[in-house]
K.L.:
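Take a look at this one; I'll ask things after.
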Amino acid sequence: MRERIALMVALVAISRPVDASAFQQVELDGPAVFLKNVEFTVTVSAPSALQPSQVVLRLADGTQLTDTTIAPLGTVVVGGVAVERNDQMPIEAVVGGEVVARLSTPVLPGWVSIVPPLVAIGLALLLREVITSLFAGIWLGCMFLAGYNPLAAIFLAGNRFVRGELADPDNGAILLFSLLLGGMVGVMTSMGGTRAIVEAVAPLATTRRRGQLATWLAGLAVFFDDYANTLIVGNTLRPLTDRLKVSREKLAYIVDSTAAPVAALFFVSTWIGYEVSLIEDGLGVAAQQNLANPALAAELEAASGFGIFLSTIPYQFYPILAIFTVFLLALTGRDFGPMHRAERRAVVEGKLHRTGAQLAADMENELSEAASAPRGRWWNGAIPVATLVITVLWGLVYTGLSALGPDDERILRNIFGNADPFTPLLWGSVLGCVVAVGLAVLQRILSVAETMSAWLGGLKAMFLAVVILL
């Protein structure tokens with residue numbers, strides 16, 4: 001009897017004429033700003049409607065964008081929405097001849113979209129300071145969004161963007177990984193592990209050529225993070241290259257042009273999470289732009305960002321050529337322009353860096369003085385790093401297998417394609433810190449207080465990287 005009554009009520013509801021008041025809760029969501037003649041997507045949702053109806057999306061001047069049916073409690077994504085002039089705003093949602101929702105955002109020329117990054121890059125070249133330059137670009141972009149109000153732009157940057165990025169779980173995992181990685185390196189350095197690795201390599205690097213090649217090989221070995229690569233390779237091999245009269249400029253070039261390229265190519269690194277997130281964002285945008293082709297849109301939505309990343313590795317020409325160029329220059333000993341002058345100064349005059357150069361603080365000076373003690377063992381540096389790498393690899397396989405369905409093939413491509421790239425990085429960094437701390441305390445190389453001081457010093461050394469990531 002109850003089922004029969006419910007059916008009758010439903011039939012009456014469906015047969016009733018559309019009441020626009022039932023759609024007063026229609027919501028429109030779109031970009032924070034429209035660029036003139038650039039297509040965007042607008043989302044139309046009816047969170048409280050109990051019956052389907054026709055929704056007309058139009059501009060303020062009456063130009064109709066779409067006429068679509070929205071289901072009860074449903075959502076419709078409208079693509080290809082382009083605005084030419086400010087007087088065409090707001091965008092209106094019309095049901096039964098009545099305007100039930102409006103979307104009003106600024107309309108700006110397309111060229112403003114490249115101004116913030118150009119300002120950030122220009123200031124970075126001019127000031128030689130990255131934090132101020134990056135924030136200036138963010139502030140300028142927020143000023144466009146805030147109606148050219150400079151004070152409101154500051155509040156918008158902090159409240160909407162900085163807080164929003166911190167609140168994202170995947171971003172939080174990457175930031176925590178970077179901090180914990182710094183802590184692990186700090187403990188390794190303070191108990192002499194990294195220095196011991198260099199001392200083990202020193203007998204093999206007896207010439208300038210061998211020293212540069214050893215630095216290049218070390219850069220390839222520390223593949224999991226470019227900033228950790230710079231910290232570890234730069235600080236540990238600097239005494240070796242100084243002894244061989246390799247200029248600080250050449251050392252910086254070898255370290256920098258190996259660190260980021262190898263981290264960008266290897267599928268177990270801090271770059272991967274960011275690269276995969278960009279690929280997945282692009283897939284989402286492509287799917288929204290191809291809603292007219294449901295099969296293609298579904299295929300784009302289902303595509304694996306990690307799988308696509310693996311497929312693109314052979315086509316990442318810049319990092320591949322950058323690594324090869326470093327090897328070629330180290331092997332041949334040929335240098336050009338200012339680098340040639342720097343190398344000649346180091347060999348002939350014995351000056352490893354130019355007069356008046358401001359050197360960055362060495363991580364060893366910020367950590368415990370135990371880094372210079374002759375008690376380090378190479379495995380105190382190798383074991384924490386190996387723990388991190390093995391844990392991340394295991395985590396990728398574990399999360400990838402967990403995400404596969406019963407009918408999916410258990411092949412490497414599918415496993416890594418469905419893996420969570422963020423959680424394993426966090427697992428690996430936590431376990432790497434635990435192992436490093438355990439080695440330092442159990443071998444009585446450092447006291448508990450010294451170990452914690454070294455760990456906090458490592459966190460401090462990574463703070464700049466974390467701010468830049470944020």
Side-chain angles (χ1 to χ4, degrees), residues 25-45 47 59-60 75 77 81-83 85-93 101-179 227 273-274 277-278 280-282 284-285 288 422 459-460 462-470:
Q25 295 300 317
V26 166
E27 297 176 356
L28 296 179
D29 185 32
V33 61
F34 278 90
L35 301 178
K36 293 180 179 179
N37 298 315
V38 177
E39 294 185 351
F40 290 90
T41 59
V42 174
T43 303
V44 187
S45 58
L59 300 178
T75 298
V77 178
V81 178
V83 182
R85 306 179 308 275
N86 275 292
D87 59 9
Q88 292 181 308
M89 298 298 286
I91 296 174
E92 300 174 337
R102 290 182 173 88
L103 175 64
S104 182
T105 60
V107 180
L108 301 176
W111 58 264
V112 303
S113 63
I114 65 170
V115 174
L118 288 179
V119 168
I121 294 170
L123 286 177
L125 295 173
L126 180 66
L127 302 178
R128 307 289 180 90
E129 204 284 311
V130 65
I131 301 297
T132 303
S133 305
L134 285 174
F135 186 79
I138 296 169
W139 169 81
L140 185 59
C142 289
M143 194 168 69
F144 291 140
L145 299 179
Y148 306 101
N149 186 325
L151 184 60
I154 296 176
F155 296 144
L156 182 63
N159 184 55
R160 177 172 177 178
F161 292 101
V162 174
R163 188 175 70 170
E165 295 305 309
L166 280 173
D168 184 273
D170 293 338
N171 291 348
I174 293 176
L175 295 175
L176 281 174
F177 169 77
S178 299
L179 286 171
Y227 200 77
Y274 181 62
S277 67
L278 290 179
E280 291 179 344
D281 289 345
V285 172
Q288 295 298 331
F422 304 101
L459 263 65
K460 177 183 175 183
M462 293 297 290
F463 183 73
L464 178 61
V466 168
V467 173
I468 291 172
L469 281 172
L470 179 60

K.L.:
Please name the pair of heavy atoms, one in Ala124 and one in Ser133, separated by the smallest distance, quoted to 0.1 Å.
P.N.:
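Scanning both residues completely, I find the closest heavy atoms to be N-OG, 3.0 Å.
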K.L.:
Measure the spacing between CG of Leu28 and OG of Ser45 and express it to the nearest 0.5 Å.
P.N.:
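One finds 7.5 Å between CG of Leu28 and OG of Ser45.
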K.L.:
To the closest 0.5 Å, what do you measure between CE (Met89) and CZ (Arg102)?
P.N.:
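Reported to 0.5 Å precision, the distance equals 12.0 Å.
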K.L.:
What is the minimum heavy-atom distance between Pro90 and Ser104, and which atoms define it?
P.N.:
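Heavy atoms of Pro90 and Ser104 come nearest at CB-CB, 3.7 Å.
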K.L.:
How far does CD1 of Ile121 sit from CG of Leu126, to the nearest 0.5 angstrom?
P.N.:
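Rounded to the nearest 0.5 Å, the CD1-CG separation comes out at 13.5 Å.
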K.L.:
For Ala152 versus Ala146, what's the shortest heavy-atom pair and its separation?
P.N.:
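It is CB-CB, 4.0 Å.
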K.L.:
Measure across Leu459 and Leu179 and return the closest heavy-atom pair with its distance rounded to 0.1 Å.
P.N.:
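The pair with the smallest heavy-atom distance is CD1-O, 3.3 Å.
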K.L.:
Looking at Ser113 and Leu35, what are the two nearest heavy atoms and their distance?
P.N.:
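In terms of heavy atoms, the two residues are closest at CB-CD1, 3.9 Å.
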K.L.:
Kindly indicate whether the side chain of Leu123, heavy atoms from C-beta on, has any atom under 4.5 Å from the side chain of Phe135.
P.N.:
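Contact flag for Leu123/Phe135 side chains = no.
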K.L.:
Is there side-chain contact between Leu108 and Phe144, with heavy atoms separated by less than 4.5 Å?
P.N.:
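Counting from C-beta outward, Leu108 and Phe144 do come under 4.5 Å.
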K.L.:
Could you state the interatomic distance from CZ (Phe161) to CD1 (Ile138), rounded to the nearest 0.5 Å?
P.N.:
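These two atoms lie 9.0 Å from each other.
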K.L.:
Taking C-beta and beyond as the side chain, do Asn171 and Leu166 meet within less than 4.5 Å on heavy atoms?
P.N.:
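A side-chain contact under 4.5 Å is absent here.
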K.L.:
Please give me the minimum heavy-atom distance between Leu103 and Asp29, naming the atom from each residue.
P.N.:
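Minimum heavy-atom contact is CD2-C, 4.3 Å.
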K.L.:
Can you confirm whether Thr43 sits close enough to Val77 that some side-chain heavy atom of one is under 4.5 Å from a side-chain heavy atom of the other?
P.N.:
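Yes, side chains in contact.
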K.L.:
Rounded to the nearest 0.5 Å, what separation is found between the CZ atom of Arg163 and the CG atom of Asp168?
P.N.:
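Arg163 CZ to Asp168 CG: 14.0 Å, rounded to 0.5 Å.
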K.L.:
Hey, are the side chains of Asn149 and Leu156 touching, using non-hydrogen atoms and a 4.5 Å cut-off?
P.N.:
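Side-chain contact under 4.5 Å: no.
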K.L.:
Under a 4.5 Å cut-off applied to non-hydrogen side-chain atoms, are Val83 and Leu59 in contact?
P.N.:
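They are in side-chain contact.
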K.L.:
Kindly indicate whether the side chain of Val107, heavy atoms from C-beta on, has any atom under 4.5 Å from the side chain of Arg85.
P.N.:
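No, every pair of side-chain atoms sits at 4.5 Å or beyond.
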K.L.:
Using a 3.5 Å distance criterion without hydrogens, assess whether the side chain of Trp139 forms a donor-acceptor pair with backbone atoms of Pro150.
P.N.:
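Checking the backbone N and O of Pro150 against the side chain of Trp139, a donor-acceptor pair under 3.5 Å is found.
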K.L.:
To the nearest 0.5 Å, what is the distance between CD (Glu129) and CG (Leu134)?
P.N.:
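So the CD of Glu129 and the CG of Leu134 are separated by 8.5 Å.
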